[in-house]
Number of protein chains: 2
Amino acid sequence: MNTHRPFKQALDRLTQAGLRPTRQRLALAKILFDGEDRHVTAEQLHGEAVAACMTVSLATVYNTLHQFTEAGLLREVVVEAGRSYFDTNTSDHHHFFYEGSGRLIDIPGHHLVVSGLPTAPDGTRVARIDVIVRLSDQG
Amino acid sequence: MNTHRPFKQALDRLTQAGLRPTRQRLALAKILFDGEDRHVTAEQLHGEAVAACMTVSLATVYNTLHQFTEAGLLREVVVEAGRSYFDTNTSDHHHFFYEGSGRLIDIPGHHLVVSGLPTAPDGTRVARIDVIVRLSDQG
DNA sequence: ATAGTTGCAAAAGTTTTGCATTGTA
DNA sequence: TACAATGCAAAACTTTTGCAACTAT
């Protein structure tokens, strides 16, 4: 039954996250989670979906990406004004951002540490810490 | 000559940065730099400018903010998709972001340290490191 | 005068919403 | 059948660009 494994994988992800496995969601989940970790924009994912001969609007791609993010399947990373990436790696990690090409990659390993953080102001708690290391050309 | 001090301050900032001191730039610089450090969006700054009875379009506010940023007078901080803040504090520092209210504030002191950073990939150098500590309600 | 800048209207993107349609029990 | 959830067109944003008008030599 190997032919159906990517399908089952995507299906399981959705049902475990409490999301109904609709056709569009399944197809997008298959593209997103069938392989290694990825960083995609809504635009990119929409392009891939169309290339894979599925009919889906960009609006639905946005909505789906946000639903996946709320469900904990994705993490949103904002690097530039008007440009969100969605990261299939939801574990605690940080990013390199190539200012030239706009590419975003995970910082490998777990060596990067943020220390000396002041306590969160009263009535708040730290929801997440985002570290973006911006790289420009020329070593 | 105290009445002209804010004007002279703004003028000096602009000329030192190599920007021609036009009327709009002077007015916006006065709002931005005449007092303590600030975090403003283009929309906010435009609102303040209009409230101060100056005629300026939102597009010019954007252009001016980017020119100021390129000239090193401001630093752009992107916190959410479609929402850039411009920070009048250009020194090396990081931010708390209140997810509830959308407010951005500097992390006080210089205690926060990022360590364990891998070397930058070949052909690149680290242009900047942004740390955003996201806060949500409830302590 | 004139070469280079500026500032804004209009255009281009990105993201969100309202509602007809679809799918499920 | 009813009920809730989905998916998309259209709307609402934010941001950028092209060019007429201006400015400082």
Side-chain angles (χ1 to χ4, degrees), chain A residues 10-11 13-15 17-32 39-50 52-71 73-86 99 102 104, chain B residues 10-11 13-15 17-32 39-50 52-71 73-86 99 102 104:
Chain A
L11 182 71
R13 286 245 191 189
L14 292 182
T15 49
L19 293 167
R20 266 204 221 166
T22 65
R23 186 149 20 83
Q24 266 81 343
R25 285 180 178 171
L26 273 169
L28 293 177
K30 245 188 285 189
I31 295 176
L32 284 170
H39 301 90
V40 294
T41 63
E43 189 79 26
Q44 275 169 25
L45 182 58
H46 181 246
E48 291 183 36
V50 169
C53 295
M54 66 175 284
T55 322
V56 65
S57 74
L58 184 55
T60 296
V61 172
Y62 269 103
N63 289 342
T64 304
L65 284 171
H66 286 136
Q67 287 157 357
F68 284 9
T69 301
E70 272 160 47
L73 299 176
L74 293 175
R75 171 175 163 180
E76 188 171 1
V77 184
V78 183
V79 282
E80 289 181 308
R83 201 165 187 188
S84 285
Y85 280 90
F86 293 85
E99 291 186 335
L104 187 74
Chain B
L11 182 72
R13 285 245 190 190
L14 292 182
T15 49
L19 292 167
R20 266 203 222 170
T22 66
R23 187 148 20 84
Q24 266 81 343
R25 284 181 178 172
L26 274 170
L28 293 177
K30 246 188 282 188
I31 295 176
L32 284 171
H39 301 89
V40 294
T41 63
E43 188 79 26
Q44 276 169 25
L45 182 58
H46 181 246
E48 291 183 37
V50 169
C53 295
M54 64 175 285
T55 322
V56 64
S57 75
L58 184 56
T60 296
V61 172
Y62 269 104
N63 289 340
T64 304
L65 285 171
H66 285 137
Q67 287 156 357
F68 284 9
T69 300
E70 271 159 48
L73 299 177
L74 293 174
R75 171 174 163 181
E76 187 171 1
V77 184
V78 183
V79 282
E80 289 180 309
R83 203 167 187 187
S84 284
Y85 280 90
F86 293 85
E99 292 187 335
L104 187 74

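Residue numbers start from 1 in every chain, and the chains themselves are labelled A, B, ... in the order their sequence lines are given, proteins ahead of strands. We use all heavy atoms of the structure for the numbers below, so side chains are in, but hydrogens, waters and symmetry mates are not.
For the pair B/Arg23 and B/Gly82, nearest-nucleotide mapping onto DNA chain D gives the more 5' position to B/Gly82. Comparing B/Arg20 and A/Ala42 by the nucleotide of DNA chain C whose heavy atom lies nearest to each, the residue mapping closer to the 5' end is B/Arg20. A residue-by-residue look at B/Leu19 and B/Ala81 shows that B/Leu19 has its nearest nucleotide of DNA chain C further toward the 5' end.
The closest side-chain heavy-atom distance from A/Glu80 to A/Glu99 is not below 4.5 Å.
We find that CG of B/Leu45 is positioned 14 Å from P of D/dT14, with the value rounded to whole Å. In this entry the distance linking CZ of A/Arg25 with P of D/dC8 reads 12 Å, nearest Å. Between B/Gln44 atom CD and D/dT14 atom C1' there is a gap of 14 Å when expressed in whole angstrom units.
Interface limits on DNA chain C: the 5'-most and 3'-most nucleotides within less than 4.0 Å of chain B heavy atoms are C/dT5 to C/dT15.
Between the axis at the start and the axis at the end of the helix from C/dA1-D/dT25 to C/dA25-D/dT1 there is an angle of 10°, using five pairs per end and rounding to 10 degrees.
Within residues 58-66 of chain B, the residues approached by DNA chain D to less than 4.0 Å at the level of any non-hydrogen atom are B/Leu58, B/Ala59, B/Tyr62, B/Asn63, B/His66, in residue-number order.
Residues meeting the salt bridge (Lys or Arg N to Asp or Glu O under 4.0 Å) test with A/Arg75, sequence neighbours left out: A/Asp130. For B/Thr15, the side-chain hydrogen bond (donor to acceptor under 3.5 Å, both in side chains) criterion is met by no residue, not counting sequence neighbours. Judged as a ring pair (Phe, Tyr, Trp, His ring centres under 6.0 Å), and not counting sequence neighbours, the contacts of B/Phe86 are B/His66.
The two residues B/Pro21 and B/Leu26 come nearest to each other via the heavy atoms O-CD1, 3.9 Å. Taking each heavy atom of B/Phe68 and B/Arg25 in turn, the nearest pair found is CZ-O, 3.9 Å. Here the closest heavy-atom approach between residue B/Leu65 and residue B/Ala42 is recorded as CD1-CA, 3.6 Å. Scanning both residues, B/His46 and B/Val56, for their nearest heavy atoms gives NE2-O, 3.0 Å. Here the shortest heavy-atom pairing between A/Glu76 and A/Ser84 reads OE2-OG, 3.0 Å. Between B/Ala27 and B/Met54, the shortest heavy-atom distance links the atoms CB-SD, 3.3 Å.
Contact annotation for B/Thr41: no contact, since no heavy-atom pair falls under 4.0 Å across all strands.
Contact annotation: B/Ser84 does not reach the phosphate of D/dT14 (side-chain N/O to OP1 or OP2, under 4.0 Å). In terms of phosphate contacts, A/Gln24 brings a side-chain nitrogen or oxygen within less than 4.0 Å of OP1 or OP2 of D/dC8.
Rounding to the nearest 0.5 Å gives a distance of 4.5 Å between NE2 of B/His39 and CG of B/Leu104.
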